[in-house]
Amino acid sequence: MSKTFLNINLCIVFVMCFILNIRAQETPYIKVLFENSSLPESHYFSNATYEGNSWIRNTNHKISVTEGYAFTEGNALLFEYISAKDGNWNVDVLYDSFRGMNYFVEADNLSFWIYIEDEKTKKSLPKLSIILEDNLSTDTIALSEYVSNAKVNTWQQITIPLKAFKMSIKTQAIKGIRWFQSSESSETERFYVDQIELLPELKTQSTVKEIPKLNNIQGFEQHVDIQWEPVKDTLVRYVKIFRQEENNEFQYVGVQSPWINGFTDFVGKSTTKRFNYKISYLDRAYRETSASEILKAETHKMTEDELLDMIQQSHLRYYWEGAEPNSGLALENIPGRTSMIATGASGFGIMAIIVGVHRGFISQEAAVERFLKITRFLSKADRFHGVFPHFLDGSTGKTVPFFGSRDNGGDLVETSFLMQGLLTARQFFNKNNPKEKEIRQTITVLWEQVEWDWYKRNPDSDFLTWHWSADQEWTINHKLIGWNETMITYFLAIASPKHSVPASIYYSGWASQSQQAQDYRVNWGKTKDGSLYKNGNIYFGKQLPVGVSNGGPLFFTHYSYLGLNPHKITDEYCNYFENNKRIAEINLRYCIENPKNYQGYGDDFWGLTASDGPKNYAANEPNIKNDQGKMTPTGALSSFPYTPEASMKALKNYYFNYGKELYGYYGFYDAIALNDNWRSSLYMGLNQAPIVVMIENYRSGLLWDLFMKNKDVKAGMDRLDFENKN
Ligand code: CA
C-alpha cells in the first residue's frame, strides 16, 4: 500500500482532528472565497444552474470568468444572465479548501468587489445567501440594497455584515456564497464580481509605511521573474505587480501574497523583448502605497540546458525562500499551514538545496548557515526511538498529529526520506572547518540514533512497521511491504551502524513471498499482478520485472532513488534502474494511448502519480481504474534519468504551452485536470524537490554520487551483496 493511500485513509478517519490540532503559533488566515480562477473560461469551485426561461452563462455548470475586468488581477467572475418571469438561476461560488489551512480570522463581514456597467443592472441584481456545512444555508439578502449607491464602470467594494443573514455564523463553517435570481426581466444583464472574502471589522485605519523594494529581476523565454525584499509590515494584504512594455503605460498584471517574495509573469510567446517592472502594496482596506523603483528585464530564447537550470532554480525556492523560518525545513504545502513542517519533504528539500549550491543558485556560506539551523533544530525536535514524526511544529519542534490522534509518534518512512537527505548533506559539507564539522557531527548523531530495529516490533518479525508512538504504540500497525516507495527505508535500516536489522529482511520483509505479503499487495493493487513482488507481465509492450499492478504511481520510482542510485541496486529479481525505466515507459505509453480520452494526454503530457486533485490528494496510476484525468508535472519531470527525451518533451509542453496557468514562482503547480478545467492552487513539498534532484541526477549524478559515498551506505551495499550482482 502506498503512503498516499494510507494518508488518505487516515485523513478520512481523523478529519475532525485537524481542527483540534491547530497550534497557537499558526497565524489565522483571512478566508478568501474567490481571488482568481486558476484557469481561464470558468471557475472550477462553482456550480451554475438555471431553469425555465432564465439563463446564466456557464461552462459545464461552472460560472464564467473574464480577463480584462479584474479587481485582483488576473480575472473575475462574470455574471451574465436573464432573470425571466418563468424561470430561475442559481450560482454557488464555493470555497477551495487548502490542505491544512483551517484556522481563520473570525469575520464580521462578507466583502466583495463588484463592477456594474449599466445603471439599470442594479434593478436586476440577485439575492444572496451563505452556504454552510452540511448543506445548510442562511437567510437571504437582496444585493440591490447594498449596491444602490455604487458607481458604475468602476470596481466598488460591497460590505455586508454577516448579521444581515440572521444567523450566528462561524467563519470556519462557511463553504460558499449562493447567488440567485430575484427580479424578473427578459433582458440579458451583466456584472462582474471579484475578491470575495470574509473580513473582520477593520480596527485600525493606519496605513502601510513600508516602502516596497524590488531586489532582483530575471528574464527567461516567455516569462520574467521579479523578486522583492521580504514584506515585514503585517498590514500588507497583497503585493501588486506592474509591467511596462516598450513605451506603453504600466499595466497592472497580478497580485501576490505578502509571504511569497516574488512573482512569475508570463509575457507572451515572442522573445527578446524588454520590460520594466514595479510593485506597490495594498493594505487591508485595499489602499495602495507608492510604487517601488523600476527594474528592467529582457526575455530571450533559451537552450535546453538553460531550461533545466530555470526549472531547478524555481522549484528549489519552495525549500529555500519558502521554508518555515525557525527550522529552515519544508512546509507540507504552500499555501498551507505556515508553522508545520513535513519531515520527508524536508529530506527531499535538503537535497534540492545541495543542488542549488552546486548550480550556483545559493552560496556555500548561506547553505552552511541554513544547515546549521536545520541540524540544530532537528537535534532538539521530538523523536520516538530516534524516529521523527511525519509533521513537526516549526517553532517548537513538537509533533503535530496532522493525520489524526493515532499518528502522534515516529514515522519510519518519512524518517528514511529525511535521513536520505541528511546523509547526502553529510557527504556534501566536507570542509574541515567548525561549522561544517558541526553539521556532519549532528547528522551522524541523528542518523545513528534512529532505532530501525525497534520498528521491527519484535525479534521474529520479517517486516518493518511504519509507525510507533508512546501512547498508541503499534495501533496503526502498517507493515512495510514492497514494491512501493519504501525501499529506502529497508535499505537504511540494513545500513544503520548502531541499530541495523538483518540484511535477510530485504527478501523476507520488503520482497516477502508470505501469504500476508501477497494479500497485502492484492489488496493494494486490486489485482494478482505482482502479488509475489516480481511481476513479469508485459504492459504496453514493456515487460515489468517487479511491481504491483502495472507498476503504480511514478513516485515509487522517485522517492527512494533521490540518493540511492538505482543503477547499483540489482537483487534476485532485477536491476532497479531498468525496472524504474520500465515503470516510467509504461506510464508514458498509457498516456499516449489515453484509453479514457482525457484532454491534453500524449507523449508530451504524461506521468501519473500522487498529487493534489479536484476532490482530494490522490495517487493516479496508468490504468483505467486509477486515472482521474489529472496530470502531475513531477511525474514526467522527476523521471528525467529514466526517460530523458520524453521528460524533456513534457517539460517543454508544460512550460511553453501551459506555463501561463501551470508555472508559478515555486515552479509548476502541483497538478492540472483539463477535463475539469481545474488546476491545483498548491505547490506540494513532496513533489517540487524530486524535480530538482532527479534532473540533477540526470545531468551530473551529483546526489547519487554523494549518497552512495557514505561509509554506512557502502556497508549497507556490502551487507545486501548488491554490488556483486551487477
Ligand atoms: Ca481576481
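When reading the values below, keep in mind they use all heavy atoms of this one structure, side chains included, and skip hydrogens, waters and symmetry mates. Read the numbers this way: they start at 1 and go in the same order the structure lists the ligands and their atoms. None of these values were measured; they are calculated from a predicted model.
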Parallel, tilted or perpendicular: which describes the rings of F242 and F250, with under 30° parallel and over 60° perpendicular?
perpendicular

*N, O or S atom of E35 closer to the Ca ion (ligand 1) than 3.0 Å*: yes

Here the vertex angle at the Ca ion (ligand 1) for OD2 of D194 and O of N75, given to 10°, is 80°

- Centroid-centroid under 6.0 Å between W113 and Y286 rings: yes

Hey, are E197 and S111 close enough side-chain-wise for a donor-acceptor pair under 3.5 Å? no

Requested in this report: Flag Q195 as yes if one of its N/O/S atoms falls below 3.0 Å of the Ca ion (ligand 1), otherwise no.
Outcome: no

Quick one: sort the F79 and F191 rings into parallel, tilted or perpendicular, breaks at 30° and 60°. parallel

